[in-house]
Protein chains: 2
Amino acid sequence: MGPREMKKPTLEMVAAHAGVSRATVSRVVNGTPTVEPTIASRVKRSIDELNYVPNRAARSLASNRSGAIALVVPESASKVFTDPFFGSVVQGIASVMEDTDFTLTMIIESESTADKTRRYLTDGNVDGALIVSHHTGDHSYGELSEKVPLVFGGRPVEGPTGATCVDVDNLAAARAAVSYLIDHGRSRIATIAGPQTMRPGIDRLEGWRAVIEEAGLTPGPVAYGDFTTLSGARAARELLASGEAFDAVFAANDQMALGGYPVLREAGLRIPDDIAVMGFDDSPFSETSEPPLTTMSQPMIELGAEMARQLIRLIEDRTAEPLTVLQARLVERGSV
Amino acid sequence: MGPREMKKPTLEMVAAHAGVSRATVSRVVNGTPTVEPTIASRVKRSIDELNYVPNRAARSLASNRSGAIALVVPESASKVFTDPFFGSVVQGIASVMEDTDFTLTMIIESESTADKTRRYLTDGNVDGALIVSHHTGDHSYGELSEKVPLVFGGRPVEGPTGATCVDVDNLAAARAAVSYLIDHGRSRIATIAGPQTMRPGIDRLEGWRAVIEEAGLTPGPVAYGDFTTLSGARAARELLASGEAFDAVFAANDQMALGGYPVLREAGLRIPDDIAVMGFDDSPFSETSEPPLTTMSQPMIELGAEMARQLIRLIEDRTAEPLTVLQARLVERGSV
DNA sequence: TTGTAAGCGTTATCAT
DNA sequence: ATGATAACGCTTACAA
């Protein structure tokens with residue numbers, strides 16, 4: 001009763017079925033405009049009837065294009081995996097890839113596989129690659145840009161190197177954060193800065209400094225952390241120990257801000273009454289803390305999506321914006 | 001001065017260089033044992049010198065194997081992306097894939113792409129697939145198991161269906177958690193259970209019940225949540241409102257346990273003095289809560305790794321354990 | 001143990 | 001606008 005069992009149909013079978021040559025079928029499949037509509041639709045019908053699906057390998061071999069895009073993520077400190085950001089970026093990437101015929105190949109890069117990865121990327125296995133920030137040291141990919149289309153998420157420390165980057169505007173975000181503090185009546189603003197070896201660390205500190213200067217205020221004390229909760233606590237203690245007065249703290253990320261919470265409280269300071277605290281990242285922790293942390297939310301999904309869009313442009317048109325910056329959004333909660 | 005620029009070397013070039021046939025080079029590349037060592041090493045040297053890398057597409061076309069494994073994750077509620085578990089699973093998968101020549105193709109499945117995904121999997125684009133639990137509804141993949149090697153992470157509700165599964169032993173973990181509570185002097189143990197439509201929800205409740213029964217204790221009250229913090233708070237209120245006495249709460253996950261914290265405290269109960277609280281998952285929140293939450297840690301990295309191992313066995317030997325269960329570990333912190 | 005040669009399913013270059 | 005017909009780089013019977 002049912003349709004006769006059939007092997008996986010090939011382009012050749014479709015050609016026979018439609019009474020045309022393989023070349024024509026190929027043209028129809030690839031949307032070549034120079035095919036007579038009558039024939040095209042006949043071929044399309046055959047394709048449907050036979051349930052034909054092109055063979056990727058054959059196509060790739062003949063066309064010298066893989067139809068695949070690599071997503072390279074650093075395994076470094078396995079941080080990426082606990083990082084909700086990464087997930088959002090991937091979600092954004094996936095959402096645009098969904099509408100294309102590209103396939104997403106994931107490459108987790110550990111130090112031991114760095115060479116393997118580079119080879120993989122340059123040996124024609126993929127049509128392009130998305131590199132999510134290694135924060136530091138991704139300059140090693142710089143040269144690769146010449147051999148295969150590459151888009152970076154997050155700018156390397158040394159700034160655009162001719163590579164295509166999509167990044168969040170950390171400077172503007174930090175400015176917005178500190179301005180908000182000022183608008184809410186704070187005048188002596190301290191900061192817990194991130195590592196000055198990473199772009200976000202640098203930019204967020206610079207944004208703080210700039211706004212304070214422009215407002216003609218006296219900067220509060222500065223302490224440095226490494227983006228961990230623990231370092232945030234330590235930094236908060238340093239701030240307190242500095243002897244300088246301050247009525248607000250701008251932390252370069254939520255974890256450090258939250259690390260500071262208990263320290264400030266132990267010093268007898270109430271948040272936000274005695275001291276305002278501003279985070280950065282809108283991490284899950286910021287919602288559930290006491291009080292909930294006011295923070296800057298970064299558009300990570302959009303960042304992923306934009307990376308994918310740029311890469312596809314690069315692959316298909318050999319053209320893309322060298323740098324796209326996305327704006328963060330301030331999330332008002334209860335710490336300011 | 002430098003070595004002459006050369007095109008991407010092919011197997012044929014290696015053959016010429018080594019003075020053998022292409023077949024022999026192919027054998028060496030694929031580790032066929034029947035190659036004379038002398039010749040084999042000569043070929044290997046040529047491969048090195050020419051910097052030869054096999055062309056995946058060609059290989060795939062000729063061998064009818066893709067060298068790719070799909071990782072299928074549900075986009076559902078975009079929960080996956082905020083879920084640190086997922087990241088750990090991927091890390092585990094990646095760590096074993098690293099030592100193989102398989103490539104990891106990531107497929108984010110939204111409802112609108114379900115068919116596309118199924119087609120993709122069955123059309124020979126991949127040699128096998130890893131399906132991370134959709135909790136519910138992944139039975140739709142059941143039939144696919146016959147057409148392409150599949151390994152599921154987390155068992156579907158209806159139990160093993162002939163498919164290969166790797167899962168954490170939720171039952172044993174729940175038993176261990178409740179036993180620990182008993183060992184620490186608690187005798188009236190309430191529980192905040194998860195949805196009874198999900199395997200983990202069911203098993204964790206069952207473990208709680210079993211241990212209490214075996215210990216000859218009177219069960220404390222039961223309330224249900226949906227694994228969210230909010231539902232945990234609500235459930236805690238129900239527990240309190242039940243009028244039944246209890247000196248401990250076993251929650252089916254950390255978020256619900258933590259959701260209960262403030263509720264219990266408002267009721268004048270001190271943790272762990274008046275009431276012990278036991279979580280499940282070892283989520284990041286459990287470390288930073290006040291007091292830190294004692295909980296069950298699931299080996300998600302190992303789960304990912306085991307999934308990958310089983311799939312590779314399935315692909316290469318057509319054999320695998322139908323069900324592998326991994327044991328959770330109790331993490332002692334301050335809430336018991 | 002090694003070589004020969006026939007595919008694998010497309011794309012792409014020519015003619016027509 | 002369409003059709004032959006080479007590639008594309010490798011695997012794999014089968015022969016030697």
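Order of the sequence lines fixes the chain letters, A, B, ..., with proteins taken first and strands second; residue numbering starts at 1 for each chain. Heavy atoms only: backbone and side chains are in, while hydrogens, waters and symmetry mates are out.
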| task | Find the bend of the helix from C:dT1-D:dA16 to C:dT16-D:dA1 as the angle between its two terminal axes (five pairs each), to the nearest 10°. | result | 30°
| query | Would you say the side-chain atoms of B:Thr113 pair up with the backbone N or O of B:Lys116, donor to acceptor, closer than 3.5 Å? | reply | no
| said: From the set C:dT1, C:dT4, D:dT2, return the single nucleotide nearest to any side-chain atom of A:Val35. | reply: D:dT2
| Nucleotide D:dC10, atom C1' - distance to CG of B:Asp101 in whole Å | 15 Å
| task | At under 4.0 Å between heavy atoms, which parts of nucleotides 10-16 of chain C does protein reach? Answer with one letter per nucleotide, 5' to 3': B base, S sugar-phosphate only, - none. | result | BSB----
| said: Going by salt bridge (charged side-chain N to carboxylate O under 4.0 Å, His left out), B:Arg309 matches just one of B:Glu302, B:Glu321, B:Glu316. Which one? | reply: B:Glu302
| field | Side-chain heavy atoms of A:Ser26 within contact of A:Leu11, under 4.5 Å | value | yes
| request: Taking only Lys NZ, Arg NE, NH1 and NH2, and the carboxylate oxygens of Asp or Glu, determine whether A:Glu109 and A:Arg118 approach each other closer than 4.0 Å. | output: no
| Is the shortest side-chain N/O distance from B:Thr24 to OP1 or OP2 of C:dG3 below 4.0 Å? | yes
| field | Residue list, side chain to side chain donor-acceptor pair (under 3.5 Å) with A:Thr122, at least two apart or on another chain | value | none
| request: Starting from P on C:dA6, measure out to CG on B:Asn64 and report it in whole angstrom. | output: 21 Å
| Nearest-angstrom distance from the residue atom CG of A:Asp123 to P of D:dG9 | 13 Å
| message | I want to verify a distance call: between D:dA1, C:dT2, C:dG3, whose nearest atom is closest to the A:Thr34 side chain? | response | D:dA1
| message | Quick test of your reading of the model: are A:Asp123 and A:Arg119 salt-bridged, counting only N-O distances below 4.0 Å? | response | yes
| B:Thr32 side chain to B:Thr34 side chain, donor-acceptor N/O pair below 3.5 angstrom | no
| field | Short N-O contact, B:Glu49 and B:Lys44, less than 4.0 angstrom | value | no
